[in-house]
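Working notes, structure below.
On a predicted model such as this, the values are computed, not experimentally measured, just so you know. The first residue in the sequence is number 1, and the count goes up from there. What's counted below: heavy atoms across the whole structure, side chains too, no hydrogens, waters or symmetry copies.
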Amino acid sequence: MKREIIRGVIYSFLISGAAGPVLAQSERQLAEEYFKTDDCAKATALYQTYLQDDFDMLSLRHYTECSIRLKAWNEAEKLFKKQSKANGPESSWYLLYWGVLLEGQGKAQEALKKFGQAIERPNIGIDQNRQLAEEFRRLQHPELSLAALNDARTKAKRSDLFQLEVASIYKELDESEKMIDELLSYGTRYQNIQIVQNMFQDFLKTEEEQLLLEKILYERIQAYPNEGFYSELLIWYQIQKKDFYKAFIQERALDKRFNYKGKRLYNLGMLALQNQDYGNSGSIFDYLVKEHKGEEVYPIARRLAIFAREQKVRNTFPINKKEVSKLVEQYQKLLEELGVDDRTVQVLRNLAHLYAFYQDNFDDAIKALNQAIVAGSKESSFVDHCKLDLGDIYLLKGEPWEASLLYSQVEKSQKDDQLGYEAKLRNAKLHYYKGDFDLAKDVLNILKKATTREIANDANELSLRIMDNTGLDSSETAMGEYANIELLIFQNKKYQALDSLQAMLTRYPQHSLTDELLWLSAKTYITLDSNQAALKNLEILTQKFGHDILGDDGLFEMARLYEEKFQNKDEAMRQYQKLLEQYPGSIHIAEARKRFRNLRGDLVN
């Protein structure tokens, strides 16, 4: 009651004329207060008063809304009719909202006529056309928004005006080809590929739209071979689809046409490598070796061509020992060709890894790493990487004290660096393998605070495993057996490890380690390409232990097996969807969503 009295006093004061030049502004504020409280009757009375002389867009919008609510058609039409006869630019807004009022009465054809008059009104500028277009879009009339922008283009005699806005409207109208044409026209005019990519990223949701873009880009490239924009955009599109072979064809053409000296092809090869497309990555680096011999990119391309094939061999299970021997021979030939210097020290590291982990040739592996340390001695970080590799090899040989000594050297040398944390993590794992769980936990507690998320996560995971399966109410016997199995797997004694895992599952059917045993069994079977056996363990894990810490890991790995090994797209999507719904906090959420969208045919990064 008190609030209404105050408003009444203010209103009396205003209409008395005492407020002078602030009258209209104060009326507007009071009208908006009434509107906010849904008192349309009082708001409308005030709007009608000051809209006679003082135009305000928001007030006009709210006045129309109130008039429709109150069904006050006659009073509103009188105001709109009077104000729309003026010659100023405001008249078009009154015509527009006269149309909204007619729509509120169900008079669609009459409303459409008023909307057309608002657009065609003389004496309005191009900027107001744009504002009208925005208002029509807000009112969910994209076709009228398009008409307003086309009218601006006609006035200015420029077909390139408002291309991004027009493209967006065509998207709403489901006119994909026209939308694509507008964006390509904008892109070639302003050479702003980033904006065009971002808009296509938002707009191209269906496979049909994506294929249409690809088709149009190929047509434009043929019609305008010297316009690099189309090739650039096509390469981007193909990379989003992870079609590195098609991207390679386009980049190869650009490399020849614009003499990029292989630099862009090198970047594409690295991108394919990062996305685990080892076949196409190798082809790209092979091309660089063939076409850019003698140039700066040659030595590293030479190594990466072999490295891509190495990654393919290492990630194809079971490991093909003959292919490993071929890789060793190729690396040796590369060293003979280029010699041992700072350009080829990484080759020695790669060679040592193959010797040690796939040929059990520990002596040659150690020799190669010592040679790399001498050749790369100027770079302390590289030397310490080699020392970590040496430590791993001594662990493979069954000499944990030598391994620990090397890890400790790197810890000291790279104390505040990521490499130092990595060395500390390897020492912690070494304590764990030996059954020194308390010592391992002390080191892991420090690593949980590491700045590198990957190391911190690994440390936290191992620490939790130890805490969950040791202590006052749990014997350390099972934990010790489990740690020994992990060491066997590290040493490539996988069949022996699987036998031990099966024995543990039989001996400890209700142990807190059961889910860990199932998970480790599944991962080991995968490395041996025994995917059905892996799937069986994962199904038991997700069904019986889905509530536990490995539930989301098991589900993600199942989905990945269905996708990559069994080529069962529908089942893979079902498992990814299940993961997204049941484990919203999982670390796999981003990758699962990306893979799900890719299987569905979306254009994703």
Side-chain angles (χ1 to χ4, degrees), residues 35 40 43-44 47-48 51-52 54-183 185 203:
F35 180 81
C40 272
T44 300
Y47 286 138
Q48 282 179 332
L51 283 174
Q52 302 282 348
D54 185 21
F55 173 77
D56 178 69
M57 178 65 193
L58 186 62
S59 297
L60 181 57
R61 180 188 297 167
H62 290 168
Y63 171 68
T64 307
E65 289 179 25
C66 275
S67 297
I68 292 171
R69 288 185 205 171
L70 297 172
K71 297 185 178 181
W73 317 120
N74 293 334
E75 288 297 320
E77 286 200 21
K78 285 178 185 178
L79 176 66
F80 291 140
K81 186 174 183 180
K82 176 185 175 183
Q83 298 300 96
S84 63
K85 288 181 178 179
N87 292 322
E90 294 86 359
S91 61
S92 61
W93 293 110
Y94 285 99
L95 285 165
L96 187 154
Y97 273 98
W98 193 348
V100 174
L101 187 77
L102 289 166
E103 274 191 325
Q105 299 174 66
K107 299 177 180 179
Q109 290 302 316
E110 292 181 47
L112 195 59
K113 183 178 179 180
K114 294 301 177 188
F115 291 144
Q117 291 173 355
I119 294 170
E120 297 164 4
R121 192 71 173 162
N123 302 323
I124 66 170
I126 291 172
D127 286 340
Q128 189 168 342
N129 273 93
R130 187 177 198 168
Q131 293 166 4
L132 288 169
E134 290 174 356
E135 190 65 9
F136 278 127
R137 288 192 76 179
R138 192 190 69 82
L139 294 166
Q140 298 183 355
H141 283 302
E143 70 287 348
L144 292 168
S145 181
L146 182 62
L149 294 178
N150 282 332
D151 184 66
R153 287 178 167 184
T154 301
K155 289 175 185 173
K157 297 180 180 180
R158 285 185 57 185
S159 61
D160 63 312
L161 283 181
F162 309 127
Q163 288 183 296
L164 299 182
E165 292 91 335
V166 170
S168 182
I169 295 169
Y170 278 133
K171 172 61 181 175
E172 285 186 47
L173 295 172
D174 200 27
E175 295 193 43
S176 301
E177 191 163 354
K178 291 181 179 180
M179 176 266 289
I180 290 170
D181 186 66
E182 288 289 341
L183 288 176
S185 175
F203 289 171

message: Within the structure provided, determine whether L149 and N129 are in side-chain contact (heavy-atom separation under 4.5 Å).
response: no
task: Quick one: closest heavy-atom pair of S92 and Q128, and the distance?
output: OG-NE2, 2.5 Å
Residue that, paired with K114, satisfies side-chain contact (heavy atoms from CB on, under 4.5 Å) out of L101, V100, L102: L102
query: For K81, does the NZ atom have more than 12 heavy-atom neighbours from other residues, nucleotides or ligands under 6.0 Å away?
result: no
field: CG on D56 to CZ on R61, rounded to 0.5 Å
entry: 10.0 Å
message: Do L51 and K82 have side chains that approach each other closer than 4.5 Å (heavy atoms only, starting at C-beta)?
response: no
message: Using side-chain heavy atoms (C-beta onward) and a distance below 4.5 Å, is F80 in contact with L95?
response: no
message: Rounded to the nearest 0.5 Å, what separates atom OG in S84 from atom CD in E77?
response: 10.5 Å
task: May I ask you to decide whether E135 forms a salt bridge with R138, counting only side-chain N to carboxylate O separations under 4.0 Å?
output: yes
query: For F55, does its backbone N or O pair with a side-chain atom of S59 as donor and acceptor, under 3.5 Å?
result: no
task: Would you name the heavy atoms of A167 and M179 that are closest together and state the gap between them?
output: O-CG, 3.2 Å
message: With disulfide (SG to SG under 2.5 Å) as the rule and sequence neighbours excluded, what pairs involving residues 76-114 come up?
response: none
- request: Step through the shown structure and confirm whether more than 12 heavy atoms of other residues, nucleotides or ligands are within 6.0 Å of CD on E177.
  value: no
query: Quick one: does D181's side chain get under 4.5 Å of Y170's, heavy atoms only?
result: no
query: Once you round to the nearest 0.5 Å, how far does CD of E143 lie from CG of L146?
result: 9.0 Å
- prompt: Do Q105 and K71 come within less than 4.5 Å of each other through their side chains, counting heavy atoms only?
  reply: no
task: Show your reasoning for whether side chain to side chain contact (heavy atoms under 4.5 Å, CB included) applies to S176 and F203.
output: CA-CA 9 Å; S176 301; F203 289 171; over 6 Å; no
task: Could you grab the distance from atom CD of E172 to atom CD of Q140, nearest 0.5 Å is fine?
output: 8.5 Å
message: Please report the interatomic distance CG(D151) to OG1(T154), rounded to the nearest 0.5 Å.
response: 6.0 Å
message: Checking the side chain of T64 only, and the main-chain atoms of L60 only, is there a donor and an acceptor separated by less than 3.5 Å?
response: yes
- prompt: Given Y63 and Y97, is the side chain to side chain contact (heavy atoms under 4.5 Å, CB included) satisfied, shown in steps?
  reply: CA-CA 9 Å; Y63 171 68; Y97 273 98; over 6 Å; no
- request: Indicate the atoms forming the closest heavy-atom contact of Q48 with A76, along with that distance.
  value: NE2-N, 4.5 Å
message: I need the full list of disulfide (SG to SG under 2.5 Å) pairs touching residues 58-133, with sequence neighbours left out, sorted by first then second residue.
response: C40-C66
- prompt: With under 30° as parallel and over 60° as perpendicular, where do the rings of F115 and F136 fit, or are they tilted in between?
  reply: perpendicular
query: So how far is it from M57 CE to H62 NE2, rounded to the nearest 0.5 Å?
result: 10.0 Å
- request: Can you see which heavy atom on W73 is nearest to which on S67, and at what distance?
  value: CZ3-O, 4.3 Å
- request: Would you check if R121 and W93 make a side-chain contact, meaning some heavy-atom pair closer than 4.5 Å?
  value: no
task: Take I124 and L132 through the side chain to side chain contact (heavy atoms under 4.5 Å, CB included) test and state the conclusion after the steps.
output: CA-CA 10 Å; I124 66 170; L132 288 169; 3.9 Å; yes
- line: Heavy-atom closest pair (A133 atom, S145 atom, distance to 0.1 Å) is O-OG, 2.8 Å
message: Could you check whether any side-chain heavy atom of W98 comes within less than 4.5 Å of a side-chain heavy atom of Q117, counting everything from C-beta outward?
response: no
message: Are L144 and L139 packed together at the side-chain level, in the sense that at least one heavy-atom pair is separated by less than 4.5 angstrom?
response: no
- line: With Q83 as partner, the option from K78, Q52, E90 fulfilling side-chain contact (heavy atoms from CB on, under 4.5 Å) is Q52
